[in-house]
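Heads up, the thing below is written out as structure tokens.
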2 protein chains.
Amino acid sequence: MTSDAVTPVLAHVDAQLDASVERLMGLLRVPSISTDPAFKADCDKAADWLVEELAELGFDAAKHTTPGHPMVVAHDDEGEGIHVLFYGHYDVQPVDPLNLWNREPFDPAIEDTPKGKVIRGRGAADDKGQLMTFVEACRAWRAVHDDLPIKVSMFFEGEEESGSPSLVPYLKAHAEDLKADIALICDTGMFDPETPAITTALRGLAKLELVITGPNKDLHSGMFGGAARNPAHVLSRVLADLHDEDGACTLEGFYDGVPELSNAQRAQWDNLGFDAEAFLGSVGLSVPAGEKGRSALEMIWSRPTCEVNGMTSGYTGAGFKTVLPSKASAKVSFRLVGTQDPQAVLAAFKAHVAARMPADCSFELLDTEGSSATTMPIENPAFEAARQALSDEWPRPAAFIGCGGSIPVAGHFQNILGMDSMLIGFGNDDDQIHSPNEKYDLTAFHKGIRSWVRVLDALSRL
Amino acid sequence: MTSDAVTPVLAHVDAQLDASVERLMGLLRVPSISTDPAFKADCDKAADWLVEELAELGFDAAKHTTPGHPMVVAHDDEGEGIHVLFYGHYDVQPVDPLNLWNREPFDPAIEDTPKGKVIRGRGAADDKGQLMTFVEACRAWRAVHDDLPIKVSMFFEGEEESGSPSLVPYLKAHAEDLKADIALICDTGMFDPETPAITTALRGLAKLELVITGPNKDLHSGMFGGAARNPAHVLSRVLADLHDEDGACTLEGFYDGVPELSNAQRAQWDNLGFDAEAFLGSVGLSVPAGEKGRSALEMIWSRPTCEVNGMTSGYTGAGFKTVLPSKASAKVSFRLVGTQDPQAVLAAFKAHVAARMPADCSFELLDTEGSSATTMPIENPAFEAARQALSDEWPRPAAFIGCGGSIPVAGHFQNILGMDSMLIGFGNDDDQIHSPNEKYDLTAFHKGIRSWVRVLDALSRL
């Protein structure tokens, strides 16, 4: 069901695709790694780049400073009817290990692959390519019709990959400026390359860094080994004890608030024909890990997790050093579902560690943070309208799905602005986000722009 | 009991101490880190430095290439009677973490400390300062008497801190050139700052790097977490299971060949009045770790150990990256005693790891190496002669002691050259070898030179 207004806009998108890609390349060339202070100026540069683009498109656009990286806010109030706030982030993940990339991460290019053309570069899929699908959809709409069909605001942050420390204070301080009828969040994926999706269940996240200290300096293992407490052993014990033999997390009360899947939901997901073997096979695995008796899809969409994201102790350079380490540390995160309380999970972790500290070892928990899981109200008619619009663009009808990742901003929009979010994105499982060789399919970018053109139109007719 | 020949040599040592220190500083300025290929040229430079010094002293000195770092061999056959081979190593440990040093590690200096003057710098104690005590003793003896009192050869390697890969082939190929009546090895310590020691029991060493691989690349923990096997969890389990609740190593057959301490030896060690509290307190600890019911001295001199020397997995940089790691690795070493078989220990470790590999994880053991423990024949009269000579120099009589560290060269001299070794050194427990701020007490250097003057004399009168 394509309205008369849409057809010429879609034609314009097709005709201007090369220019759209060239603009995305410009943004991808900015190494806006938010977690590393060395790239602070680059984060600022990416924000300036967006402000300039949006102003050129006729938006009232501005960069707002925060204690961290700046926010970009833009408004176009000329449209009628529903008012949407589009959210994205211009920061990207670090790029290490650099030697595993097939090109410089910030020198993006179109590459031919057996599966089609891809846009290769850090941030191509997460989230610069995704946010540009919406910007380019607005550009096409204006080029053809002068005005956008609805009221559109945009909100881009630069700290999503580093825990969004400025987000909540900013939302609280600027609630009036940011409030709209519904938020559109473009940081999620397709169900598969032919099936678009609206993500309606998001896991929460609790995370921390654990540092265990034993001796007050690295020791010679020959001189002290055996007699001095080794914090690497203590850390191993703490981490090994986080899961039982059946893959369940052992933290006290961890499963409080974790709902069982309803039969209806289970049936809908079964119907999607998710191919666990292909999903795991794509990364060199074959057997679902995690809780015994749970399917891979259940594990990533509806179950909580407890994962070690990094750990280090002692000598890790080339060769061998028979040192007895002074410190051992790990970065640990939990994906949360249902009504699991992030603070309770963090407290249970702390108790778990404390119970395993031997004499002469102390520990600290650094950078603890938590956000709850979120569920979206699919009874809001905007959801069905968007689902129809997406179904018109892609080979297969759009699905309402869960998401393994955490997108805390959706919860913050709900809690602080009282605003629901529709999470629509065009990423694919093999995009290698957060990994070397990140890419975004050229088709995803192209049809993503076209999808937003259709969604804007559908929302204007609500 | 000081012979007439010795007195003027000791006086010469005292008068020339500043010049001796200055020469040591020259050697300390060469960053000869053998484990890191970036310092290959510096290792070569340290070897050249020694050849030049020894040639100047009248030795027939030469640098011999190996597949790794070169050997330095020097002979002075003019003396009479017993022929000694002095061994030391000119390579040093890496210096990281650099930020914990109070000065540049390769810009050595004399520093005043509450406990007296120290020579600060990487290698000051391990082993450049120690080997120079012997070189300077020879220099003083020649300056006063023209000739050395016995036949002296010297043998310096540059790979001791990186597992000595070239040592055994070199010893086998040059056995005739290196064979002497007894070896002197100067890579050990005093019992305490007033009590010199001859180390007669050395632990062996088995070591390896374990690398566990799960997914074929780092994954997004939100997308794959829970469903994909995390190798950091597997590594934690492998390492945690290496010890039981009583601190004993769980590897199959690990304690085969570990002798119980004889009552006589236990009584001798008890008499030394070892202060475990002070030993551990010096590094911020208070309670002996390791096997339950064993004293700290027993643990470090007579018991085998199993220690994690380093481990790494996933993201370890600043900030947080919710990655699910592809790989997790650890460097693990075992100190061996009695007749423990290093190859059997490595095989038992491999079986331990294999038994804990879940589906979708594979592992490799890299850089495996092993050397057995060694015990010296103190009934050889050279031992008592040297013990007397050391007792003449220091406030308290010299002791025959055990050593926690591994000095594989002593075993190789025994096995390949059929030659016993006397291990005499002047290091102290607080020298921070293998750690930041390594130092060598100026007193240890000074009295160390004087000690060798006395030992050379004592051996000449056997």
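Lettering of chains follows the sequences in order, A, B, ..., and the numbering in each one begins at 1.
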Which atoms of [X] approach chain A - backbone, side chain, both or neither, heavy atom under 4.5 Å:
X      : result
B:A228 : both
B:P304 : neither
B:L202 : neither
B:S236 : both
B:V332 : backbone
B:E161 : backbone
B:T322 : both
B:R303 : neither

Which class fits the ring pair A:W301 and A:F191: parallel under 30°, tilted 30 to 60°, perpendicular over 60°?
perpendicular
Please classify the contact of [X] with chain B as side chain, backbone, both or neither, using a heavy-atom distance under 4.5 Å.
X      : value
A:R335 : side chain
A:C306 : backbone
A:I33  : neither
A:D367 : neither
A:E298 : neither

Chain B shares the most heavy-atom pairs under 4.5 Å, among A:P288, A:S326, A:P215, with A:P215
Mind ranking A:L366, A:L239, A:D96, A:L280 by heavy-atom pairs under 4.5 Å with chain B and telling me who comes out on top?
A:D96
Please determine whether a side-chain nitrogen of the Lys or Arg among A:K327 and A:D218 lies less than 4.0 Å from a carboxylate oxygen of the Asp or Glu.
no
Note: A:D360-A:R229 ion pair, threshold 4.0 Å (strictly below)
no
Hits for side chain to side chain donor-acceptor pair (under 3.5 Å) against A:R356, two or more places apart or cross-chain, chain-then-number order -> A:D241, A:H352
